Amino acid sequence: MRGCTCHFVVKRLYARPALALIIFNERRHINKSGFVCHGPLDKDAIGPGAKKIPYISNEIQQQTMSMIYLGIPEENVLEKHIEYVQRYGGSDATVSTLASQYVRKLGMIIKRSTHELDLNDQASIRMWVERNKKSIFFYQDTSETDPFILGIQTEWQLQQMVRFGHRSLIAADSTFGIKRLKYPLCTLLVFDSRQHALPVAWVITRSVAKPDVAKWMKALLDRARSVDPGWKINGFVIDDAAMEIDPIRDAFCCPILFSIWRVRGSWLRNVVKKCSNIEVQREIFKRLGEIVYSIWGGLDTSVALEELILDFVDQSAFMEYFKCTWVPKIEMWLSTIKTFPLASQEASGAIEAYHVKLKTKLFDDSHLGALQRVDWLVHKLTTELHSAYWLDRYADESDSFQHVKEEYIASTSWHRALQIPDSAVTLDDKGHLFAKVASQKDSSRTHLVWNPGSDFAFCDCAWSMQGNFCKHVIKVNMICENAKGCRPSMSFWSFREILIDLCKKPMDDSIGLDESVAWTHQMLDQIKQLVELNSSNDIGIVVNNMPLTWISKKGRTFVGIPASLPALPSDSKTITKNVQKSRKRKRLSRLR
């Protein structure tokens, strides 16, 4: 009924009557046009025997599994599952009964599933790797010479990486669980259609050595290009100053940006935790921000650090933490911030939102005993976290699960800040020392944001006090972009310094000047193309104005003879005849 051409021949084996030989003439479930017409590869399929047994497509199965993993009540899961099955198979009572049995059976399988395939963690991981080869892009077991490396990427994550990463950014949340997990977790993220951070690969390893990083990065790039040979990214965002840069440049051949969300969050979280007075908290955080901003002002960082330590010597708890943790490596971090372009607050907020979600999923009190097992970490990532992001994207694109979609849209501070009207923000008239933001939920409540316009602005809301970018800080900084007397954001400041540095190349340094001119013209051409694309109402006009480029020599075709051909000398007639004969032989060989 679906036009499936899959068929086979069965032959009896007289020498062995208990066996039969099955010869497939067409193994794939496709129609005459070559399209998949039913089976697990057809996302709209319910199967050839829909009146008897409803066949569940991969999309419906993934949706049901995601809801079960996220703890949605079984009644709601069953209702949604039957709704999708009946959409294709009709409202038959038998179909509904079988669908109900399927959901309950799937729920029991998920509840009884365990991460411990073996009591030994290393043996358990080997078994998981053997069973899930399609979800692994790199695996290196522990040995005397090689460290443990496990790179995980499901087929859905690969699709999202190819889709949202091409000609866009990839970011790394690079050192999650470095103190609590057996092996730290590095997550590679892309920014989806709403500019939310979406995990597209997980790498579990303790090694940050250049050769080891280069191995899994190359394997990841090869996997993406196996789907799209022309796949390429425009930039790679890092969040750790100690991260190896050369493997990124060698593999992806793209610019590198730096996000300050990690250092900012660590400083803010410890200032609030170790200093009891809120006025002291504001001042210390402001001074820390001034130390970072001073890298573009030509000030001596060591002098600024000494002054900070002397001025707040009475805050012994924070100063002890700062001296032990940050003073030995602060030069490296400040050098990285100055060297690389800085990521925007929107990108930093999106990476931070993913990190917070990951922390909530993994560091639940009920799992504290399993943190030192790698198989538990892999199980949590590939089930609960993967299901959460799959359902978020599905809800947004299919406009279903409205409560899931609303939570997904509002999951970053940047999007929550866009919901605050400009009228709710009031700047201080005397030097812009602080700003007031009226609460949208409680009109009688107002949040104070000190040091407005700076990436190191301090807000008194609960979310900010936990060390996060809050919506009030981001909204105030949006307002300050157009206000006079306010300091620009660090990302804009960094971008401006890079452009100024290009202009400062001396005239007698000819190679340096050539490089500056080449970079400037390349940026100018890209900006012009973007402006033309965004302002045009007809994409056909833009395409027609693009220069013609040949993909390969074999792909060239000519209609007729070119208008002008170079004249041949009189003694080259024999050469011309030989060329014509060879062309004729080639045509004849093709026909044969």
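This is a predicted model, so every value here is computed, not measured.
Under the 3.5 Å distance criterion, with hydrogens and angles disregarded, no donor-acceptor pair is assigned to the side chains of K274 and Q315. When only modelled atom types and interatomic distance are considered, S344 and S491 share no side-chain donor-acceptor pair under 3.5 Å. Y389 and D192 are not linked by any side-chain donor-acceptor pair at a separation below 3.5 angstrom, with hydrogens and angles left out of the test. With 3.5 Å as the limit, one finds a donor-acceptor pair spanning the side chains of S174 and D239. Checking R264 against S348 by side-chain atom types alone, no donor-acceptor pair falls below 3.5 Å. In the model, Y321 has a side-chain atom that pairs as donor or acceptor with a side-chain atom of S266 under 3.5 Å. Checking E306 against S302 by side-chain atom types alone, no donor-acceptor pair falls below 3.5 Å. Under the 3.5 Å distance criterion, with hydrogens and angles disregarded, a donor-acceptor pair is assigned to the side chains of D212 and S207. Side-chain contact of R223 with S226: a donor-acceptor pair under 3.5 Å is absent, judged by distance alone.
In this structure, R131 and L117 approach most closely via the heavy-atom pair NH1-CD2, 3.6 Å. Nearest heavy-atom pair across G453 and N477 is N-OD1, 2.9 Å. The minimum heavy-atom distance between T187 and P199, with the atom names listed, is CG2-CB, 3.8 Å. Nearest heavy atoms, R262 versus D173: NH2-OD1, 2.7 Å. For M243 against A172, the heavy-atom pair with the smallest separation is CE-CB, 4.2 Å. Heavy atoms only, all atoms of each residue included: A241 and F258 are closest at N-CE1, 3.8 Å.
In this structure, T175 contributes its side chain and I178 its backbone to no donor-acceptor pair below 3.5 Å. At distances below 3.5 Å, not a single donor-acceptor pair connects side-chain atoms of S124 with backbone N or O atoms of D121. Formation of a donor-acceptor pair under 3.5 Å by the E384 side chain with backbone atoms of K361 is not found in this model. Between the D118 side chain and the N120 main chain, a donor and an acceptor come within less than 3.5 Å of each other. The main-chain N or O of S335 is found under 3.5 Å from a side-chain atom of T339 such that the two form a donor-acceptor pair. Looking at Q281, its side chain does come within 3.5 Å of a backbone N or O of C275 through a donor-acceptor pair.
The side-chain heavy atoms of F322 and L308, taken from C-beta on, include a pair separated by under 4.5 Å. Taking the side chain as every heavy atom from C-beta outward, I260 and M490 approach each other to under 4.5 Å. Residues W296 and R496 have side chains not in contact (no heavy-atom distance under 4.5 Å, counting atoms from C-beta outward). Using a 4.5 Å heavy-atom threshold, the side chains of W261 and H355 count as touching. Contact of the H166 side chain with the M161 side chain is not registered, since no non-hydrogen atoms from C-beta on lie closer than 4.5 Å. Side-chain contact between R249 and F252 is absent, with no heavy-atom pair separated by less than 4.5 Å. With a 4.5 Å cut-off on side-chain heavy atoms, L158 and V200 do not count as touching. Taking 4.5 Å as the limit, some side-chain heavy atom of L385 sits within range of a side-chain heavy atom of L358.
In this structure, the ring of H196 has its center no less than 6.0 angstrom from the ring center of F191. Aromatic rings from H386 and W156 are positioned such that their centres are separated by under 6.0 Å. Ring centers of H379 and W128: at least 6.0 Å apart, outside the cut-off.
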* Step-by-step side-chain contact (heavy atoms from CB on, under 4.5 Å) determination, Q157 to W202 -> CA-CA 10 Å; Q157 286 179 308; W202 293 297; 3.3 Å; yes
* To do: Apply salt bridge (charged side-chain N to carboxylate O under 4.0 Å, His left out) to the pair R163 and D228, showing each step before the final yes or no.
  => CA-CA 10 Å; R163 176 185 176 187; D228 181 3; over 6 Å; no
* To do: Run the numbers on Y394 and K405 for side-chain contact (heavy atoms from CB on, under 4.5 Å), then give the verdict.
  => CA-CA 9 Å; Y394 181 79; K405 181 178 179 179; over 6 Å; no
* Does the pair R393 and E397 meet the rule for a salt bridge (charged side-chain N to carboxylate O under 4.0 Å, His left out), with working shown? -> CA-CA 6 Å; R393 289 297 311 155; E397 293 184 343; 2.6 Å; yes
* Asked: Does the pair E320 and K323 meet the rule for a salt bridge (charged side-chain N to carboxylate O under 4.0 Å, His left out), with working shown?
  -> CA-CA 5 Å; E320 184 179 354; K323 287 178 185 177; over 6 Å; no
* L305 vs I330, side-chain contact (heavy atoms from CB on, under 4.5 Å): CA-CA, chis, key distance, verdict -> CA-CA 10 Å; L305 284 172; I330 196 167; 3.7 Å; yes
* Just do the side-chain contact (heavy atoms from CB on, under 4.5 Å) check on V327 and M319 with the steps written out, would you? => CA-CA 10 Å; V327 170; M319 285 303 157; over 6 Å; no
* Assess whether ring pair (Phe, Tyr, Trp, His ring centres under 6.0 Å) is satisfied between F312 and F318, documenting all intermediate values. => CA-CA 9 Å; F312 296 97; F318 176 77; 8.6 Å; no
* **Derivation of the salt bridge (charged side-chain N to carboxylate O under 4.0 Å, His left out) call for R225 and D222** => CA-CA 5 Å; R225 287 185 174 168; D222 290 344; over 6 Å; no
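Put simply, CD1 on I351 and CZ on F469 are 10.5 Å apart, with the number rounded to the nearest 0.5 Å. Residue L381 holds its CG atom at 11.0 Å from OG1 of T154, rounded to the nearest 0.5 Å. A distance of 4.0 Å separates CG of L106 from CD1 of I68, quoted to the nearest 0.5 Å. Note that the CZ atom of R194 and the CD1 atom of I409 stand 3.5 Å from one another [nearest 0.5 Å]. Atom CG of D141 is separated from atom CD1 of I149 by 11.0 Å, given to the nearest 0.5 angstrom. The CD1 atom of I245 sits 11.0 Å away from the CG atom of D250 when rounded to the nearest 0.5 Å.
The 12-atom threshold is exceeded at NZ of K182, counting heavy atoms of other residues, nucleotides or ligands nearer than 6.0 Å. Shown here is Y139, whose OH atom has more than 12 heavy atoms of other residues, nucleotides or ligands within 6.0 Å. A 6.0 Å sphere centred on NZ of K329 holds more than 12 heavy atoms belonging to other residues, nucleotides or ligands.
Ring geometry for F456 against Y293 counts as perpendicular: the plane angle is over 60°, on a 0 to 90° scale with 30° as the lower cut.
For S168, there are no side chain to side chain donor-acceptor pair (under 3.5 Å) partners, not counting sequence neighbours.
Checked against W267 for a ring pair (Phe, Tyr, Trp, His ring centres under 6.0 Å), the options F285, W326, W333, F458 give a single hit: W326.
For the pair R180 and F363, the distance from NZ or CZ to the six-membered ring centre is under 6.0 Å and the angle to the ring normal is within 45 degrees.
Look at D375 and R126 and you find no salt bridge, because none of the NZ, NE, NH1 or NH2 atoms lies under 4.0 Å from a carboxylate O.
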